[in-house]
Amino acid sequence: MSSSKSILGQYSDSKMSKKQSSEQQAVPPMATYEQRYKGMVKAVTAPVPAPTLEQKIKARENPVVEEKPVRVPVVIGGTRYLLGTSEEMSVKRINKIANIANALLEEAKSTNPGLTNSKAAILALIDASDEILSLKTEISNLKTELMYYQQQDFINKSAIPVEPTPMEKLAEAKGNQDKNE
């Protein structure tokens with residue numbers, strides 16, 4: 001048996017290296033992280049035209065102060081997290097949300113003591129989702145009830161004969177005089 005017909009002969013190192021070099025030429029190399037996002041970096045860091053004298057003066061008069069988000073440390077389920085706040089969300093609100101999440105997680109753990117943290121978190125998430133869905137249904141029902149009462153109020157107001165104001169009486173009398181002339 002010749003070595004070229006045997007299985008080992010067909011896949012020898014010498015033939016494999018030739019095969020790899022031809023495959024490497026046919027298939028383009030994988031893009032690296034830098035190559036993939038190179039265009040995005042250029043768009044973000046594109047050269048900015050030089051500011052005019054008026055723009056420089058305005059910038060000196062009104063300096064722009066960029067506020068960095070405040071990091072709030074919270075503990076949920078015994079794990080410490082740093083949550084960032086923005087102008088719309090205050091530190092008190094972040095702490096309130098974290099306390100609610102911690103309470104839900106502790107409740108899920110207390111009712112099912114054998115669960116791991118991740119499974120207890122999923123149960124807490126399901127409970128919170130159920131509560132959200134119930135509240136949305138209640139809001140929808142309240143909106144429907146409000147529309148019903150607004151409609152009833154409109155019907156009741158239109159059924160009551162309204163006494164015209166003195167100005168309306170005067171305008172009506174003047175309109176009648178114009179018709180008679």
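Only this structure's heavy atoms are used, side chains among them; waters, hydrogens and symmetry mates stay out. Numbering starts at 1 and runs along the sequence shown.
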_L142 side chain near E138 side chain, heavy-atom distance below 4.5 Å_ =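 They are in contact (side-chain heavy atoms under 4.5 Å apart), so the answer is yes.
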*asked:* Side chains of Y81 and V75, heavy atoms from C-beta outward: is any pair under 4.5 Å?
replied: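 No - every pair of side-chain heavy atoms lies 4.5 Å or more apart.
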_Can you give me the closest heavy-atom contact between A120 and A108, atom names plus distance?_
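In terms of heavy atoms, the two residues are closest at O-CB, 3.5 Å.
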_Heavy-atom closest pair, residues R80 and P73_ =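 Minimum heavy-atom separation between R80 and P73: NH2-CB, 3.4 Å.
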_Assess the residue pair V72 and L82 against the criterion (side chain to side chain contact (heavy atoms under 4.5 Å, CB included)); give the C-alpha distance rounded to whole Å, side-chain angles, the decisive distance to 0.1 Å, and a yes or no._
CA-CA 5 Å; V72 181; L82 282 175; over 6 Å; no
Distance, nearest 0.5 Å, that separates [atom1] of [X] from [atom2] of [Y]:
X	Y	atom1	atom2	result
N141	K136	CG	NZ	14.5 Å
T79	N102	OG1	CG	9.5 Å
L123	S118	CG	OG	10.0 Å
L105	N117	CG	CG	6.5 Å
I100	E131	CD1	CD	8.5 Å
S140	E145	OG	CD	11.5 Å

*Hey, does the side chain of E106 reach the backbone of A103 with a donor-acceptor pair shorter than 3.5 angstrom?*
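Side chain of E106 to backbone of A103, a donor-acceptor pair under 3.5 Å: no, none is there.
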*Would you confirm whether Q151, through its side chain, and Y148, through its main-chain N or O, come within 3.5 Å as a donor-acceptor pair?*
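Such a contact is absent between Q151 side chain and Y148 backbone.
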*Donor + acceptor pair across side chains of K119, N112 (<3.5 Å)*: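 There is no such pair (donor and acceptor under 3.5 Å, judged by atom type) between the side chains of K119 and N112.
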_Would a single hydrophobic cluster contain both I97 and L104, if residues Ile, Leu, Val, Met, Phe, Trp and Tyr are joined by side-chain heavy-atom contacts under 4.5 Å?_
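No, separate clusters.
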*Under 6.0 Å from the CD atom of Q152, do we count more than 12 heavy atoms belonging to anything else shown?*
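Enclosed: over 12 neighbouring heavy atoms sit under 6.0 Å from CD of Q152.
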*asked:* One pair to check against side chain to side chain contact (heavy atoms under 4.5 Å, CB included): V91 and N95. What are the steps and the verdict?
replied: CA-CA 6 Å; V91 174; N95 284 325; 3.7 Å; yes
